[in-house]
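Letters A, B, ... mirror the listed sequences (proteins, then strands); counts begin at 1. Values in this document were obtained by computation on a predicted structure and should not be read as measured data.
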There are 2 protein chains.
Amino acid sequence: MAPGKRAEMMEETRAKLIAAGRKAFAEQGYAAASMDELTASVGLTRGALYHNFGDKKGLLQAVVNQLDGEIAAEAKEAASRLGGSVWESLMAEGIAYIEMALKPEVQRIVLLDGPAVLGDPSQWPSQNVCLQTTTAALERLIAEGLVKPVDAVAAARLLNGAAFNAALWIAASDDPEADLKKAIEAFKVLGEGLLTRPPT
Amino acid sequence: MAPGKRAEMMEETRAKLIAAGRKAFAEQGYAAASMDELTASVGLTRGALYHNFGDKKGLLQAVVNQLDGEIAAEAKEAASRLGGSVWESLMAEGIAYIEMALKPEVQRIVLLDGPAVLGDPSQWPSQNVCLQTTTAALERLIAEGLVKPVDAVAAARLLNGAAFNAALWIAASDDPEADLKKAIEAFKVLGEGLLTRPPT
DNA sequence: ATAGCTCACATACATGGCGTATGTCAATCG
DNA sequence: CGATTGACATACGCCATGTATGTGAGCTAT
């Protein structure tokens, strides 16, 4: 029975390694994380790592992909939970993005080490889901005439970049709560520049 | 005669090491750059490095400081060369910032490895001059009533973040020229969200 | 059922880089 | 002019990555 034991175990070890990677990379940073300790912490050796992910970078890529997926899911959910207009959803998504980036895990791994080690996020296999959804929403809004006819991809990158950098700022802030509010406020105001008509 | 020979030599070796650092860090990235090769390339050994900069990070910090200064100087010059209103200067600064970030040297060292190795830019000793000037300009504009009363620091971070990310995107683009234009266009439009009244 | 193969993972080894401790020689100072 | 400082070189230890090799548990075919 259960003739897929090999594959099962494989998935389990992959999951364990990714989980350990999230922890180690988040707490110590990519460069300082020792693969020996990391693998030992889940009862394995480096052999498993290099077999499953090729190299250290491969593990980081896997971790980033997982985080990226979670971020996009949460942002999307935040947008739909609000249930406003497309524009409001877009803003909600951006704000959720800022808030997600407050988690040290996301910050350190996706925002700091990720780009440095893996290169530009838009080139990642995970395709940076956040960017995708932002771009799609913008294209829709432009088609509807609600947003000025700018290049959607460019605008999406600007918005995401702004949100990302805000998160970086807030994370190092003395008063994260207060600065988060300021950032959200400024983000909304900035975003209004894209609208064809100022909001009521 | 010339009773400062020690200090002179010191400055020269520091300059040589920083120059070599710019090259090596830009071409190979921080992690992959070998301090042995780097120092040998200017006829020195690692001894000089650790004496002058403490450690590898110290050299990166010095390199970043130098680049940051150059960036700010160029941006400021671009703004004053245009000679428009404060708002136009601010936009010109932002655009110059995007263009500067297209240089692989700046990209790799200041934007990718810098934050990963040294932490959030706003905490750097160089204080990230770009942020400072942007914040100052915004505060002035807010005081004059031209810009909506948002938090200047937050808005500055958003603008800088947007510009930075745009540069990252353009650098990896298939058609940098075209995408640069799109980014500048979108940047201007986005920025207008901050104005109390839309431009004529 | 079992012989043989596959493959996930462990073990062992080679390479190279960082940081530090120690040495050396020229420039300064009394 | 001898002593001291300090800029830099040399030498060493430690550790991390990546690879080559070993091994034992599962799948497969007769």
Nucleotide D/dT19, atom P - distance to NZ of A/Lys57 in whole Å
12 Å

Upstream residue (5' side of DNA chain D) when B/Arg46 and A/Arg46 are each assigned their closest nucleotide:
B/Arg46

Separation of A/Glu37 atom CD from D/dA16 atom P, in whole Å?
6 Å

Quick check on D/dA7: is either OP1 or OP2 less than 4.0 Å from any side-chain nitrogen or oxygen of B/Thr13?
no

Quick one: B/Tyr50 OH to D/dC12 P, roughly how many Å, whole number?
18 Å

For a quick test of reading the model: is some side-chain N or O of B/Asn52 closer than 4.0 Å to OP1 or OP2 of D/dC8?
yes

Are OP1 or OP2 of D/dA7 and a side-chain N or O of B/His51 less than 4.0 angstrom apart?
yes

Quickly work out the B/Arg14 CZ to D/dA7 P distance and round it to whole Å.
11 Å

Between the side chains of A/Asp175 and A/Ser173, is a donor N or O closer than 3.5 angstrom to an acceptor N or O?
no

Side chains of B/Asp36 and B/Ser34: is there a donor and an acceptor less than 3.5 Å apart?
no

Report which part of the nucleic acid B/Ser34 touches: base, sugar-phosphate, or nothing (heavy-atom distance under 4.0 Å, all strands).
sugar-phosphate

Are B/Gln66 and B/Arg22 close enough that a side-chain donor and a side-chain acceptor fall under 3.5 Å?
yes

Between CE of A/Met10 and C1' of C/dC7 the distance, given in whole Å, is 9 Å

What is the distance, to the nearest angstrom, from the NZ atom on B/Lys56 to the P atom on C/dT20?
15 Å

Take the protein atom OH of B/Tyr30 and the nucleotide atom P of C/dG17, then report the distance between them rounded to whole Å.
14 Å

Sugar-phosphate, base or nothing in reach of B/Ala32, heavy atoms under 4.0 Å:
nothing

Between C/dA10 (C1') and A/Leu17 (CG): distance, integer Å
13 Å

A/Pro176 versus A/Leu102: any side-chain heavy-atom pair under 4.5 Å?
no

Out of the candidates B/Glu192, B/Met91, B/Lys182, only one should pair with B/Phe187 under the side chain to side chain contact (heavy atoms under 4.5 Å, CB included) rule; please name it.
B/Met91

